[in-house]
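The block underneath contains the structure these notes are about, expressed in structure tokens.
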Amino acid sequence: MERSVDVDIVIVGGGICGLATALALHRKRIKSLVLERSKELRATGAAIIVQANGWYALHHLGVASVLRQTAIQIKGVNGEVRCLKRSDLMKAMANSLPEGTVRTCCEVLSVELNPLTHYPRLMLTNGTVLQARVVIGCDGVNSCIANMVGSNPTKLMLFSTCVARGFTNYPTGHQFASEFVVISRGQVQLGTMPVTHNLLYWFITRLRTSQDSTISKDAHLIRESLMESMKGFPEQSMEMIRNSELESLHLTELKYRPPWDLIFNKFRKGTVTLAGDSMHATGPFIAQGGSASIEDAVLLARWLAHMKVGSRESKNNFMVEEALIDQYVKERRKRIMWLSFNSFLIGKKLDTQSFIVRSIIIAILVVLFRDPNWHTQYDCGTLQYDI
Ligand SMILES: Cc1cc2nc3c(=O)[nH]c(=O)nc-3n(C[C@H](O)[C@H](O)[C@H](O)COP(=O)(O)OP(=O)(O)OC[C@H]3O[C@@H](n4cnc5c(N)ncnc54)[C@H](O)[C@@H]3O)c2cc1C
């Protein structure tokens, strides 16, 4: 049976971005409701590399100090870099939210604008209808909210590489330095970064194959296929894959929204907007998707803090909310466009077999991104900051 409920801010998706957005709003004393379709909060993909800009954002959310205790600092890099277990990041954010903020087993089927009030109405697969003032689509790469806003996820593209990720645990401690190391053999790349003195995060980039959709469903097959593609790598690396934690293994194809979409796309319809991968899915080549999602959260909360309290019937309130979301989109567009373009070029450089195309890409990278760390030197600003 259909039930109708009124909520001010609904966040669709309880991934990194959804939780960060709810937490940023909470820090501004704004209540929100996160709807997550899974039975529990999922932390797919083992670990996430967080660079200086991500740490600024986590600091503004008030969870940086607790997370620093879970991961060692990486040396020989620009600014603070740590590799966090995704589950630690999600737990730190979820634990800082008021009880009842996150509802699991709640899949949003569609969103439409109420023709009378112009405010969004969400239809859930369990038959519930929610009336909201603002809806934020944090529902990842295959976002249904992006569809509604007109920022079509079917336009997403695929790199010809895919990435496998996982953890290897060394109960008596590993011998890897606190560094980010990448080894390449042909078109296979292995990256390693320690999380702690016992836990090592690694990822392997290789060309996609037609069997990948089958392989990705079975952790044993992922490990087998990795051992196969890593022939010629040092024995220590092979050993690392052989001893990897099965439940941490994931093989992912790399979907991205082309950078030019980010220049022209609409990211608001009425008072519905997007954040995180639903807005700006990029390849992982500069390890910024997650941190950029946390930056989105901080900025969005800062703007939405100016929402007027009061009636949903007021046309004036509706226009203020639209204008606040437009300010958020305007402020984010330039940053995410450059992040996406940088990642796109690196991804395409790995994709191409052509010497000429690769040389052109390298030339563009040198001209536009002379400082390879430019993207880490950004502070999204405190949540206290008043606009
Ligand atoms: C291989 C790889 C490596 C990466 N490495 C890094 C890295 O090192 N550093 C970094 O910063 N970033 C990295 N990223 C990017 C980062 O993982 C993403 O940018 C980040 O996870 C995006 O978070 P999100 O919350 O927007 O989306 P997601 O994590 O996809 O979360 C979306 C959530 O929405 C839920 N959902 C979807 N549809 C619905 C619906 N209809 N109703 C309700 N719930 C719904 C899903 O169940 C999910 O929980 C990497 C990405 C990949 C693919």
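As the structure is a prediction and not an experimental result, all values here were calculated from the model. Counting from 1, the numbers follow the sequence of the chain as shown. One-based numbering, in listed order, for ligands and for the atoms of each.
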Can you name the atoms of ligand 1, numbered from 1 with element, that are less than 4.0 Å from a heavy atom of [X]?
{"X": "Asp277", "answer": "18 (C), 19 (O), 22 (C), 26 (O)"}
{"X": "Ala287", "answer": "7 (C), 8 (O), 9 (N), 10 (C), 11 (O)"}
{"X": "Gly289", "answer": "10 (C), 11 (O), 12 (N), 15 (C), 19 (O)"}
{"X": "Cys138", "answer": "32 (C), 33 (C), 34 (O)"}
{"X": "Cys106", "answer": "42 (N), 43 (C)"}
{"X": "Gly276", "answer": "26 (O)"}
{"X": "Leu35", "answer": "43 (C), 44 (N)"}
{"X": "Ser38", "answer": "47 (O)"}

- Query: Name the one of Phe159, Phe344, Phe341 that satisfies ring pair (Phe, Tyr, Trp, His ring centres under 6.0 Å) with Phe285?
  - Reply: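 Answer after filtering Phe159, Phe344, Phe341: Phe159.
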When you measure from [atom] to each heavy atom in [options], which option holds the nearest one?
{"atom": "atom 9 (N) of ligand 1", "options": "Thr21, Val108, Ile49", "answer": "Ile49"}
{"atom": "atom 6 (C) of ligand 1", "options": "His280, Arg86, Gln288, Arg165", "answer": "Arg86"}
{"atom": "atom 27 (O) of ligand 1", "options": "Ser343, Gly15, Gly140", "answer": "Gly140"}

May I ask you to check whether [X] has an N/O atom sitting below 3.5 Å from an N/O atom of ligand 1?
{"X": "Glu36", "answer": "yes"}
{"X": "Gly290", "answer": "yes"}
{"X": "Ser291", "answer": "yes"}
{"X": "Ile16", "answer": "yes"}
{"X": "Thr252", "answer": "no"}
{"X": "Val163", "answer": "no"}
{"X": "Ser278", "answer": "no"}

Judged by atom type as modelled, is there a donor-acceptor pair below 3.5 Å linking the side chain of [X] to the main-chain atoms of [Y]?
{"X": "Glu179", "Y": "Val181", "result": "no"}
{"X": "Ser87", "Y": "Ala43", "result": "no"}
{"X": "Gln51", "Y": "Ala287", "result": "yes"}
{"X": "Arg332", "Y": "Ala292", "result": "yes"}
{"X": "Thr352", "Y": "Lys348", "result": "no"}

How far is [atom] from its nearest protein heavy atom, and which residue and atom name does that atom have?
{"atom": "atom 34 (O) of ligand 1", "value": "Gly13 CA, 3.2 Å"}
{"atom": "atom 51 (C) of ligand 1", "value": "Pro284 CB, 4.1 Å"}
{"atom": "atom 44 (N) of ligand 1", "value": "Arg37 N, 3.2 Å"}
{"atom": "atom 24 (P) of ligand 1", "value": "Cys17 CB, 3.8 Å"}

Exercise for review: Could you tell me whether Glu331 and Arg302 have a side-chain N and a carboxylate O separated by less than 4.0 Å?
Suggested key: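 Looking at Glu331 and Arg302, the cut-off is met.
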Open item on the list: Quick one, Thr209 with Asp212, criterion side-chain hydrogen bond (donor to acceptor under 3.5 Å, both in side chains). Give me CA distance, side-chain angles, the key distance, then yes/no.
Closed with: CA-CA 5 Å; Thr209 69; Asp212 282 347; 2.9 Å; yes
Beyond-backbone contact of [X] with [Y], side-chain heavy atoms, under 4.5 angstrom:
{"X": "Tyr201", "Y": "Ile48", "result": "no"}
{"X": "Val108", "Y": "Asp139", "result": "no"}
{"X": "Trp303", "Y": "Thr273", "result": "no"}

For Asn373, what residues pass the side chain to side chain contact (heavy atoms under 4.5 Å, CB included) criterion, not counting sequence neighbours?
->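 Partners of Asn373 by the side chain to side chain contact (heavy atoms under 4.5 Å, CB included) criterion, ordered by chain and then number, come out as Asn78, Asp371, Thr376, Gln377.
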Cation over ring face, Arg335 and Tyr378, 6.0 Å, 45°: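 Here Arg335 passes the 6.0 Å and 45° test against Tyr378.
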